Amino acid sequence: MLKAAMSFIFDPAPQPAVSIVNSAAKFPVRRIFCVGRNYADHVREMGNDPKSEPPIFFSKPADAVVESGAVIPYPSNTANFHHEVELVIAIGRGGANIDAGAALAHVWGYGVGVDLTRRDRQAEAKKAGTPWDIAKGFDHSAPISALTPAAEAGDVLNARIWLTVNGETRQESNTGGMIWSVPEIIATLSRWWELKAGDLIFTGSPEGVSAIATGDVIACGVDGLAPLTFSIGD
Ligand code: MN
């Protein structure tokens, strides 16, 4: 007997997805997790002690993803809009309570992303102890490069990570400087959520975050991965 097709009261939203290098197929995005305060020098520039706290997790909606080449509108309700370049993990096989020693087997591939941030709103939220959603999880807040399969990505866990604004270097560091490593992030995150194929994890930004404005062109990368470029519109 045929099962009746599910009907919806309006068309479901399109599946958020990210391109894959040298492939016509796309990576379907399920959730976007982010790690805060994961490079010692960035933690210091934000006024915190790098060794004093466990990793901080927050999230962005899956439909906040934006592909390379886009014009991203300057967001509402901020006068201090910041870039944070980050290595992004693309999960291909889910799991809960994953051991750090087995964590890399859950990785499908990697990309480079920018955790766009309303820094003024984040500072207010930190002071008031309120959630970070309006500071971090707004529309178009997760631009990301085409993804590279892990087997083709080179040593991205110890690679140069960089970002330029209008050709001027603002961030340049090495992913080996993470406080919490990629396997430790996956292991810890999987104790709070059961990870699923399609999850993306932004792994935190190195030092050098700064403000961007309408008309700016941002380029960034992690050596061994496809770069990401986008510009800021009105
Ligand atoms: Mn970040």
Side-chain angles (χ1 to χ4, degrees), residues 18 29 31-50 52-62 64-66 68 72 75 78 80-91 110-127 130-145 156-157 159-165 170-182 184-186 188-189 192-193 199-212 216 218-222 225 227-228 230 232:
V18 177
V29 179
R31 293 173 293 188
I32 304 173
F33 298 107
C34 304
V35 182
R37 299 179 188 166
N38 200 30
Y39 285 80
D41 288 345
H42 175 55
V43 171
R44 287 190 199 99
E45 83 180 345
M46 301 303 287
N48 299 292
D49 173 0
S52 65
E53 296 171 35
I56 293 170
F57 297 116
F58 59 94
S59 61
K60 295 176 185 264
V65 289
V66 178
S68 190
I72 293 178
T78 182
N80 198 14
F81 180 38
H82 272 208
H83 58 79
E84 298 187 356
V85 65
E86 310 196 356
L87 176 68
V88 179
I89 306 164
I91 295 292
Y110 297 96
V112 59
V114 176
D115 167 18
L116 290 172
T117 301
R118 287 172 168 132
R119 189 72 71 203
D120 39 6
R121 302 289 86 86
Q122 187 197 26
E124 291 166 357
K126 284 179 175 176
K127 192 173 179 187
T130 52
W132 287 12
D133 300 57
I134 63 170
K136 293 287 197 178
F138 50 93
D139 295 341
H140 319 293
S141 60
I144 183 168
S145 70
V156 296
L157 307 190
R160 191 174 71 103
I161 182 170
W162 56 274
L163 180 144
T164 66
V165 178
R170 298 276 183 92
Q171 294 187 267
E172 185 163 22
S173 188
N174 190 291
T175 58
M178 290 183 189
I179 297 168
W180 302 92
S181 69
V182 165
E184 288 170 337
I185 289 167
I186 293 168
T188 307
L189 192 60
W192 294 101
W193 284 271
D199 288 341
L200 298 176
I201 307 170
F202 280 61
T203 58
S205 185
E207 64 283 5
V209 302
S210 67
I212 46 180
D216 284 348
I218 292 89
C220 59
V222 170
L225 301 178
L228 165 66
F230 60 94
I232 309 301

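Read the numbers this way: they start at 1 and go in the same order the structure lists the ligands and their atoms. Because the structure is predicted, anything quoted here is derived from the model rather than measured. Side chains included, hydrogens not; waters and symmetry mates left out as well; all remaining heavy atoms used.
- With hydrogens and angles disregarded, a donor-acceptor distance shorter than 3.5 Å links the side chain of Thr78 to the backbone of Asn80.
- Partners of Asp199 under the side-chain hydrogen bond (donor to acceptor under 3.5 Å, both in side chains) rule, at least two apart in sequence or in another chain, are Arg31.
- A donor-acceptor contact shorter than 3.5 Å is absent between the side chain of Thr117 and the backbone of His82.
- Legend: protein N/O/S atoms lying under 2.8 Å from the Mn ion (ligand 1), waters omitted, number 3.
- Classification of Lys60 and Asp115 as a salt-bridged pair holds, one side-chain N sitting under 4.0 Å from a carboxylate O.
- Judged by the 6.0 Å distance and 45° axis criteria, Arg118 is not positioned over the aromatic ring of Phe81.
- The closest side-chain donor-acceptor pair between Ser210 and His83 falls under 3.5 angstrom.
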